[in-house]
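Written below as structure tokens is the structure these notes are about.
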Amino acid sequence: MPFNALLSVSDKTGLDSFARALVAEFGAKLISTGGTARFLRGLGLEVRDVSDLTGFPEMMDGRVKTLHPKVHGGLLALRDDPGHVASMKAHGIEAIDLVCVNLYPFATTVAKPGVGFAEAIENIDIGGPSMIRSAAKNHRSVTVVTDADQYDVVLADLRANGGRASAALRLELARAAFDHTAKYDAMIAGYMGKVCDGGAADGADGAGDAGDADSAGDADATLPQTLALSLSRKAVLRYGENPHQRGALYVAGKPTEASVAFAEQLHGKELSYINLFDADGALSAVKEFERPAACIVKHATPCGYAVADDSPTAFARAFAGDPLAAFGGIVALNRAVDLAAAEAITAVKVVLDVIVAPSFDADALELLRSRWKNTRILAVGAMGTIDRRETHWHRIVGGLLVQQRDVPQPDESAWKVATKRKPTDAEWTDLRFAWVACKHVKSNAVALARDSAMVGSGAGQQDRVNACRIAVAKAGDRASGSAAGSDAFFPFPDGPQVLLDAGIRAIIQPGGSLKDQLSIDAVDAAGGTMVFTGRRHFRH
């Protein structure tokens, strides 16, 4: 039976065939606005303007089009309520049975370089979400369509049910509609939060850069008062942390930097929760360097990590850091994988679970695929620019812990050589690498570095002295002459003494312990050098 269909979309993908089918197969009478009405008329379809329906023109530069009782009354009226039907008749309100709306492209607008605040505000849709919500609320009578991917489903259901969508589909479309508007509002709230964080005045053009707070005292400048979350399930994972736990990946908008959440899987088995978690950690580590870098992660902490002049060398040196732990490891590189890099990776005698890189040359990909049947290969695209404003979340029962991302590069102007002897140039190189490495190792963390490669680490320990012992044991003979990085201060000199006894003569740590002088004295006595950074790098 014929029905009224209101179509008003920003993204017109697939609208031509959908609108034609509504008219040709079901006798739909089309109602539309502005650009959508022109588009439909260009298809040769008869369209009634919303302004003819309401008796009011579009006004205020298009801000007011559909905010009218003849639109929302037609959407919200209960068809089986005599009082509602009487009101419709008394005020000349026609029933609207199908609404197809997608919203102003706010995300696309604010992602444009240099977009102004005023332009962003004008791309906040008001009428669209209002119609979607009205239609979804009255899904008993109204079919609400918010995505081009729903067009074929809706048409198939109309065909199967004599031109009226089934109750089950209308309910599912209403759920999707509220999800759609929730995401839209969350996106706008997030943008407005960044504008407020940046201290922009009302209407200020070009606003939106959040402050770069580096301390807890600046927390209010980067952490919003309220957190509006709206994530879409992108993938059901192989399982969670354990096979008996189900897992899924949820995403918000695509970030400006490389992300495993948006990677293209080129080969291998289905991904699990741990695969993605560890791949993100490995990718984060190689983003630290402009030079070719490689990182191998096991159980959320690097077991191998190196930089070099080329990717094959970086991988080989990372793998040499701990070949035993690298079994089943997750590898990330910050350069495209060419054949030489693939040959270095496939030369190892262990299975690797995941390989992550910006891209893979065709011959390199073929070699990796032939070497391992199940290894997941993920292409993440260009590294991009690290987003300092992104926050990290950790779910606890009943709440969400939120913190700034630990991304600032070392500010060496704040570093202090605490000992009598200053580091040599070679020691400085290894100290800098050890300091970055211990930031990515799970705390309590101690990382040993030699020639810009990690040769041993003590990770996730309850006390720092045992972190030192494990790092030395992992390094073996390579400990002597390496540099050590500790993610937090040494509360006593016993940790530094373990390192000194292993032949380590250069240590970098935050400092700040009441007993710092005892550690300084121990290092001085051994003829070593120690640098205080003034910053801690816990990673739980």
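Closest approach of Pro358 and Arg335 over heavy atoms only: CD-O, 3.3 Å. Between Val286 and Ala332, the shortest heavy-atom contact is CG1-O, 3.4 Å. Between Val251 and Lys234 the shortest heavy-atom distance is CG1-CD, 3.7 Å. Of all heavy-atom pairs spanning Ala293 and Asn334, the tightest one is N-OD1, 2.8 Å.
Within the 4.5 Å cutoff, side-chain heavy atoms of Phe360 are placed close to those of Ile377.
Using a 4.0 Å cut-off between a side-chain N of Lys or Arg and a carboxylate O of Asp or Glu, Asp278 and Lys298 do not qualify as a salt bridge. The residues Arg140 and Asp80 are annotated as salt-bridged, a charged nitrogen and a carboxylate oxygen being separated by less than 4.0 angstrom. In this structure, Arg246 does not pair ionically with Glu241, as no charged nitrogen and carboxylate oxygen lie closer than 4.0 Å. Note on Asp49 versus Arg41: salt bridge recorded, some NZ/NE/NH1/NH2 to OD/OE distance being below 4.0 Å.
Judged purely by atom type and a 3.5 angstrom limit, Ser311 has no side-chain atom pairing as donor or acceptor with the backbone of Ala341.
In this structure, a donor-acceptor pair under 3.5 Å is present between the side chains of Gln245 and Asn242. Residues His440 and Glu288 bring a donor and an acceptor atom of their side chains to less than 3.5 Å of each other.
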